[in-house]
Protein chains: 2
Amino acid sequence: MPATLYDVAASARVALNTARKALQGDPTVRPYLARRVIEAAARLDYRPHTLARALKTRRLDVVPVSVINLHEIYFGELAEKLSNALIASNLEPILCTEPDHVFELVQTLNTCGSIFAYADFDQLSHPLARTQPVVTINAPFHRKANLGCVNADFEGGFRRAAQAVLSRGRKRIAVLSEIFHKIAYKNWPFDKFRAVERTLAEASVAPVRPVGEPCFETLGRLIETLAEGTEIDAVFCENDLWAARLFGALAARGVRVPDDVLIIGCDAGLILPGCWSVKIPIGDLAAQAVATLRRLLAGEVFIEPVIVPLSLVDEDGKDIA
Amino acid sequence: MPATLYDVAASARVALNTARKALQGDPTVRPYLARRVIEAAARLDYRPHTLARALKTRRLDVVPVSVINLHEIYFGELAEKLSNALIASNLEPILCTEPDHVFELVQTLNTCGSIFAYADFDQLSHPLARTQPVVTINAPFHRKANLGCVNADFEGGFRRAAQAVLSRGRKRIAVLSEIFHKIAYKNWPFDKFRAVERTLAEASVAPVRPVGEPCFETLGRLIETLAEGTEIDAVFCENDLWAARLFGALAARGVRVPDDVLIIGCDAGLILPGCWSVKIPIGDLAAQAVATLRRLLAGEVFIEPVIVPLSLVDEDGKDIA
DNA sequence: CTGAAAGCGCTTACAG
DNA sequence: CTGAAAGCGCTTACAG
């Protein structure tokens, strides 16, 4: 049975409230009493009971963090960085994989705010913001009380990446992405590859893609197309893992990277020789998200969206102009 | 202000306790009253207050899960699978990146058990097991009350992998692993590559490695050694990411995979053409961990360790004999 | 500056 | 089968 505040007070021979004040460093407690209390607490290995406190104060310093797809390296790293940033900020992170689950938690525990790391949850995050601060990461911005918003600048990042590819004289440019294949032109707000398409269009370069489809959906399809003799000299991939798979498939067929085909991945976990990668500054996203949450908790109501820039790097992590 | 049980009872014109029983489906409540209560609860959008309940029952159905290094694909996937398995089992997962943090949570919230997904935390998990069930994943087994243990069979898996490599006639076998380089022979319990070494030794094959070192620490070092003319025809890598990096470095130098060098990765996230990978059944680990926790919660005190087998697969995910 | 009382929302005996 | 009372461990007025 762990010691309660009552035990501490009894052991220090003071009133309950005095014990509490002493432990919270309230200066209105006489020093010699405070000392007695603190010693008693140490002796009894007293720890405040978070539940009881939260029940009374109606506030648990717990922040549910919704991060889906933890098996993807981007989300895993984001979850880790968010956790660390919250702890450093004296908040208790609770990672959830299911966004609905955050919703439940918030209704049922007295959480103090939450963070959503995915675009598609307006219908969850907005009602939540009526009760308490919510920060979204890479979700569309809405000007709304208690709602913060931190976004990576996919548009700018991929525009610059496309320009860099064009500036190297590449004109037969393809996109390999299952997601873009599925949701292209569906008004998805963070459509990396639409920025690429727009940039190509401005340079009057038509992307290489299967007739009637927005891009290559599978690696097999892309390789097939190459084998049929269609020329491709650069490929934007959904992420670094797909970039590596493409690298492997090309290497197995004797296609040289980057001489024949330049490969551009994303997320910077793994950049193979000659490849490029668009780097998402995950640590910055996490830090900005927690900073925004802090501002909301401190009472700010409307906060402008925070935009975090991306960069384009080579295999050594060096910036590419 | 959310509705409380008191509100529901008042609205249904029954006593507090009757309302509670009705909501919990207690058959001793008269049906017509139960109906009134349930309707009132629905009308008021009542949700039981988890904190208050836990304060009284001294039991929160929350399971802290300690998973470090979430940015690594293995841990990310494990965290995700554990979360899903716990939710499916009606327990509330709380993911923590810091193991010490779990310790704090358990002392401070009334959690009902916890899961540690890393080997090195005996000094945390064992004291915890005095209070409540603890399940470790890939940690050394200790016969101890309230302590469950689920382990992947690294020894067997890598032994079979090494045998498969030998059976293909490869004799110049190297290991590329920063971790093994650091902790080899330090009694680390899940030393994948020690199993490889033993298997080679039994076949009287000496591993290829820098003089006086347990293995290659960096990719650069391995490539250098190859360039100097040392023959290597198979490399065990720490994981699939390093396998891919090695693949890339070899491809850039015109070395053929697997003809010249066979690459064996681990974790099966990413297997490039011609490579092999030792597959850790993460879903099974998670399922077994939750099942073990359930048994401990149900009152079993001593549980034998659960061993989950690994498999060796090729780029298509097919088993290799 | 200190201490006794009420109450957060629930559950658990227990009396009717 | 139903309902009034006590209490989980804290905090928050408030009286001394």
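Throughout, a chain's letter reflects where its sequence line sits, starting with A, and its residues are numbered from 1.
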Value in whole Å for how far the P atom of D/dG7 lies from CG of B/Leu16: 16 Å
Closer than 3.5 angstrom, by distance alone: can the side chain of B/Ser89 be matched with the main-chain N or O of B/Leu91 as a donor-acceptor pair? no
With DNA chain D as reference, determine whether A/Gln24 or B/Val14 sits nearer its 5' end, using the nearest nucleotide of each. B/Val14
Just to confirm, is there a sub-4.0 Å distance from OP1 or OP2 of C/dC1 to any side-chain nitrogen or oxygen of A/Arg30? no
Ignoring hydrogens, what is the shortest heavy-atom contact between B/Leu310 and B/Pro281? Give both atom names and the distance. CD2-CD, 3.6 Å
Just N and O in the side chain of B/Tyr46: are any of them under 4.0 Å from OP1 or OP2 of C/dC10? yes
Is B/Arg13 touching bases, backbone alone, or none of the nucleic acid, heavy atoms closer than 4.0 Å? nothing
Find the distance A/Leu51:CG to D/dG9:P and express it as a whole number of Å. 11 Å
Rounded to whole Å, NZ of B/Lys21 lies from C1' of C/dT12 at a distance of 10 Å
Just to be sure I understand the rule, does B/Arg20 reach a base, reach only the sugar-phosphate, or reach nothing, if contact means heavy atoms closer than 4.0 Å? base
Can you check the A/Lys56 NZ to D/dT11 P distance for me, whole Å? 10 Å
Measure from CZ on B/Arg53 to P on C/dT11 and round the result to the nearest Å. 4 Å
Considering only side-chain heavy atoms of B/Thr4, which listed nucleotide, D/dT2, C/dA4, C/dG9, is closest? C/dG9
So what does B/Leu33 hit on the nucleic acid, given a heavy-atom distance under 4.0 Å: a base, only sugar-phosphate, or nothing? sugar-phosphate
Distance in angstrom units between A/Tyr6 OH and D/dG7 C1', rounded: 13 Å
For B/Thr57 and for B/Thr28, find the nucleotide of DNA chain D with the closest heavy atom, then tell me which residue's nucleotide is more 5'. B/Thr28
Donor-acceptor pair, side chain of B/Asp267 and main chain of B/Lys279, under 3.5 angstrom: no
Would you confirm whether B/Glu80, through its side chain, and A/His71, through its main-chain N or O, come within 3.5 Å as a donor-acceptor pair? yes
Among D/dG9, D/dA13, D/dG3, the nucleotide that comes nearest once only the side chain of A/His49 is considered: D/dG9
Send over the distance from B/Leu60 CG to C/dT11 P, rounded to a whole Å. 12 Å
Under 3.5 Å for both donor-acceptor distances, Watson-Crick or wobble: does C/dG3 have a partner, and if so which one? D/dC14
Within less than 4.0 Å of OP1 or OP2 of D/dT2, is there a side-chain N or O belonging to B/Thr18? no
Do the side-chain N or O atoms of A/Arg58 get closer than 4.0 angstrom to the phosphate oxygens (OP1, OP2) of C/dC8? no
Within the 4.0 Å heavy-atom criterion, would you say A/Arg59 contacts the bases, only the backbone, or no part of the nucleic acid? nothing
Between atom CZ in A/Arg36 and atom P in C/dT2, what is the gap in whole Å? 10 Å
Could you check whether B/Glu39 pairs with B/Arg43 (Lys NZ or Arg NE/NH1/NH2 to Asp/Glu carboxylate O, under 4.0 Å)? no
Which heavy-atom pair separates B/Tyr74 from B/Ile280 by the least distance, and what is that distance? CE1-CG2, 4.0 Å
